Amino acid sequence: MEMKERKTSADMEITAMKTTANIETSPGRNAAAAARKAPASGAKNGNTVFLPLINSAFQPGHCLETVEALETTAGGRDIAMGEYYYFSGRPEEAAKEMEPYLTSHDTALRLSACLVYAYANLATDHIRLARHALTEMEKTFTDIHADEDAPPELKAMSAFVSTTAAVLLHLPIKNDRDRAFEPASLMLLPPGLRFFSCYVQAHYAYLQGEYGKSLGIVETALAFQPQLYPIPSIYLRLVAAMDYMALKNSEKAKEQLLLAWELARPDGLIEAFGEHHGLLGGLLEATLKKDYPEDFRRMISITYSFSGGWRKVHNPDTGHDVADNLTTTEFAIAMLAARGWTYQEISTHMGSTVNTVKAHMKSVMSKLGVEQKSDLKKYMLK
């Protein structure tokens with residue numbers, strides 16, 4: 001299907017200011033508007049602290065400085081340090097930092113710790129520990145929503161954490177969890193978390209094959225940011241790159257990837273690139289491998305460790321059989337082939353020869369035991 005050229009973020013911002021018409025990207029506009037209009041409560045909600053680093057606005061290159069400037073008394077600095085370790089590709093240190101807060105009586109601290117701890121343990125192949133944290137998040141959600149006197153802010157936090165965990169593991173969203181996508185719920189979150197929630201919404205739309213809607217959410221969210229929230233922005237740019245790859249617009253995808261890299265590189269926030277490798281369809285190889293060889297090697301190392309743990313939860317919980325025996329290059333090529341890219345298109349995109357692509361595909365077909373490219377889909381990510 002021929003796609004019309006999409007508006008730039010600046011155009012989206014102007015349109016958002018001039019009209020409230022119900023167009024395709026209205027879910028993104030609602031989410032971003034909620035993020036903009038709600039009071040700037042910062043990382044705190046009363047005496048609690050919820051994912052303070054994701055929620056922090058700072059200029060690239062000042063991430064660690066931002067963490068060290070946080071108060072220590074409420075546990076905020078410890079949680080932020082765990083976030084920093086995680087987003088910089090140091091999952092063992094992240095898990096160690098979060099572990100003391102897994103049983104905290106402060107619900108916001110406990111939810112923060114559980115989310116980071118779960119994903120850190122996926123990356124270190126401690127699946128039992130990851131599942132323990134995921135279970136604790138679900139239990140907390142159930143307990144909070146069963147309590148009529150529970151503060152609405154805590155209900156919003158628990159819905160956000162539960163939904164984020166499910167969407168990023170490509171699991172079905174359970175009943176009532178999608179309330180985290182509602183503007184009224186977004187407005188109860190701290191500012192940076194509202195924008196990260198927009199990323200989760202965009203990722204969910206991507207998984208449903210609604211690439212235009214996903215792009216609309218991303219573009220509108222970025223246009224409405226009152227300040228730069230680097231971590232949500234990195235993730236928003238990456239899901240936009242995924243959308244453009246799905247639409248076979250590799251130049252736009254590369255543009256979004258480089259914008260994400262400009263935000264991430266000064267602080268070494270490299271984790272997101274390794275996590276999204278499979279969905280980026282060879283973009284890391286095509287865009288960063290040559291100019292940033294050391295960073296690229298770290299990204300691929302993260303991909304192998306994270307995706308191995310991710311599959312050990314996703315595959316048994318969904319019944320899917322996402323391939324775990326391919327190299328990262330083979331997986332990237334197979335993803336593109338499964339989406340209908342020709343060998344010539346893949347070779348042009350990845351900067352290799354057609355014969356090299358064919359050789360990789362021969363290896364893929366042999367490892368997966370398939371004879372037709374159409375049979376690849378069941379072994380690939382969406």
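Keep in mind that the numbers below use all heavy atoms, side chains included, and drop hydrogens, waters and symmetry copies. Note that the coordinates shown come from a computational prediction; the quantities given were computed from them, not determined experimentally.
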Within a strict 4.5 Å, meaning less than it, do heavy atoms of the [X] and [Y] side chains meet?
| X | Y | result |
| --- | --- | --- |
| Trp261 | Phe273 | yes |
| Met81 | Leu64 | yes |
| Ser305 | Thr124 | no |
| Leu269 | Cys63 | yes |
| His349 | Leu336 | yes |
| Lys252 | Met245 | no |
| Leu154 | Phe141 | no |
| Tyr292 | Arg265 | yes |

State the [atom1]-[atom2] distance between [X] and [Y], to the nearest 0.5 angstrom.
| X | Y | atom1 | atom2 | result |
| --- | --- | --- | --- | --- |
| Thr140 | Met157 | OG1 | CE | 12.5 Å |
| Met242 | Leu215 | CE | CG | 10.5 Å |
| Leu122 | Leu169 | CG | CG | 6.0 Å |
| Asp243 | Tyr211 | CG | OH | 8.0 Å |
| Asn121 | His126 | CG | NE2 | 6.5 Å |
| Ile79 | Met98 | CD1 | CE | 4.5 Å |

Donor on one side chain, acceptor on other, [X] and [Y], under 3.5 Å:
| X | Y | answer |
| --- | --- | --- |
| Ser307 | Arg311 | yes |
| Asp78 | Tyr101 | yes |
| Ser363 | Glu330 | yes |
| Ser162 | Glu138 | yes |
| Gln59 | His62 | no |

Does [X] use its side chain to pair, donor to acceptor, with the backbone of [Y] at less than 3.5 Å?
| X | Y | result |
| --- | --- | --- |
| Ser56 | Pro52 | yes |
| Arg237 | Leu257 | no |
| Thr220 | Ile217 | no |
| Ser366 | Lys362 | no |
| Ser197 | Leu193 | no |
| Trp310 | Asn315 | no |
| Asp125 | Gly309 | no |
| Gln225 | Tyr229 | yes |
| Tyr244 | Gln256 | no |

Checklist entry - Can you name the residues that form a side chain to side chain contact (heavy atoms under 4.5 Å, CB included) with Thr342, not counting sequence neighbours? => result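 Residues passing side chain to side chain contact (heavy atoms under 4.5 Å, CB included) with Thr342: Gln344, Glu345.
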Taking only Lys NZ, Arg NE, NH1 and NH2, and the carboxylate oxygens of Asp or Glu, determine whether [X] and [Y] approach each other closer than 4.0 Å.
| X | Y | result |
| --- | --- | --- |
| Asp143 | Lys139 | yes |
| Glu68 | Arg77 | no |
| Glu251 | Lys254 | yes |

Checklist entry - What is the ring orientation for Tyr119 with Phe306, classed by angle as parallel under 30°, tilted 30 to 60°, or perpendicular over 60°? => result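 Taking Phe306 first and then Tyr119, their aromatic rings lie parallel (interplane angle under 30°).
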Checklist entry - Under 30°, 30 to 60°, or over 60°: which ring-plane class applies to Tyr206 and His203, parallel, tilted or perpendicular? => result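 Aromatic pair Tyr206/His203 classed perpendicular.
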Next on the checklist: Before you tell me yes or no, could you show the steps for Glu93 and Glu97 under side chain to side chain contact (heavy atoms under 4.5 Å, CB included), namely the whole-Å CA-CA distance, both residues' side-chain angles and the distance that decides it to 0.1 Å?
Outcome noted: CA-CA 6 Å; Glu93 292 165 274; Glu97 199 73 37; over 6 Å; no
Checklist entry - Can you list the steps and then say if Thr164 with Phe196 is a side chain to side chain contact (heavy atoms under 4.5 Å, CB included)? => result CA-CA 9 Å; Thr164 297; Phe196 198 87; 4.2 Å; yes
Can you see which heavy atom on [X] is nearest to which on [Y], and at what distance?
| X | Y | answer |
| --- | --- | --- |
| Met137 | Ala165 | CE-CB, 4.1 Å |
| Arg298 | Gly89 | NH2-O, 3.6 Å |
| Pro60 | Leu228 | CD-CD2, 3.7 Å |
| Phe50 | Ser112 | CD1-OG, 3.3 Å |
| Glu262 | Pro266 | O-CD, 3.2 Å |
| Ser214 | Val239 | OG-CG2, 4.2 Å |

Next on the checklist: Quick check on side chain to side chain contact (heavy atoms under 4.5 Å, CB included): which of Thr356, Val357, Asn355 does Ser347 satisfy it with?
Outcome noted: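 Checked Thr356, Val357, Asn355 against Ser347; only one passes side chain to side chain contact (heavy atoms under 4.5 Å, CB included): Val357.
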Using distance only, find each side-chain donor-acceptor pair of residues 281-291 under 3.5 Å and give its atom names and separation, not counting sequence neighbours.
{"residue": "Glu285", "atom": "OE2", "partner": "His277", "partner atom": "NE2", "Å": "2.7"}
{"residue": "Thr287", "atom": "OG1", "partner": "Leu283", "partner atom": "O", "Å": "2.9"}

Checklist entry - Are Trp341 and Ile333 close enough, and set up right, to give a side chain to side chain contact (heavy atoms under 4.5 Å, CB included), and what steps lead you there? => result CA-CA 9 Å; Trp341 288 50; Ile333 289 173; over 6 Å; no
Checklist entry - Should Leu259 and Leu279 be regarded as members of a common hydrophobic cluster, given that ILVMFWY residues are connected when their side-chain heavy atoms come within less than 4.5 Å of each other, either directly or indirectly? => result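 No: no chain of side-chain contacts under 4.5 Å links Leu259 to Leu279.
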Next on the checklist: Applying side-chain hydrogen bond (donor to acceptor under 3.5 Å, both in side chains) to Ser88 and Glu271, what does each step give before you reach the verdict?
Outcome noted: CA-CA 6 Å; Ser88 58; Glu271 176 70 25; over 6 Å; no
Next on the checklist: I'd like to know whether Cys198 forms a side chain to side chain contact (heavy atoms under 4.5 Å, CB included) with Leu236, so could you lay out the CA-CA distance, the side-chain angles of the two residues, the decisive distance to 0.1 Å, and finally the verdict.
Outcome noted: CA-CA 8 Å; Cys198 289; Leu236 284 163; 4.3 Å; yes
Next on the checklist: Can you confirm whether more than 12 heavy atoms, excluding those of Tyr204, are under 6.0 Å from its OH atom?
Outcome noted: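 Open.
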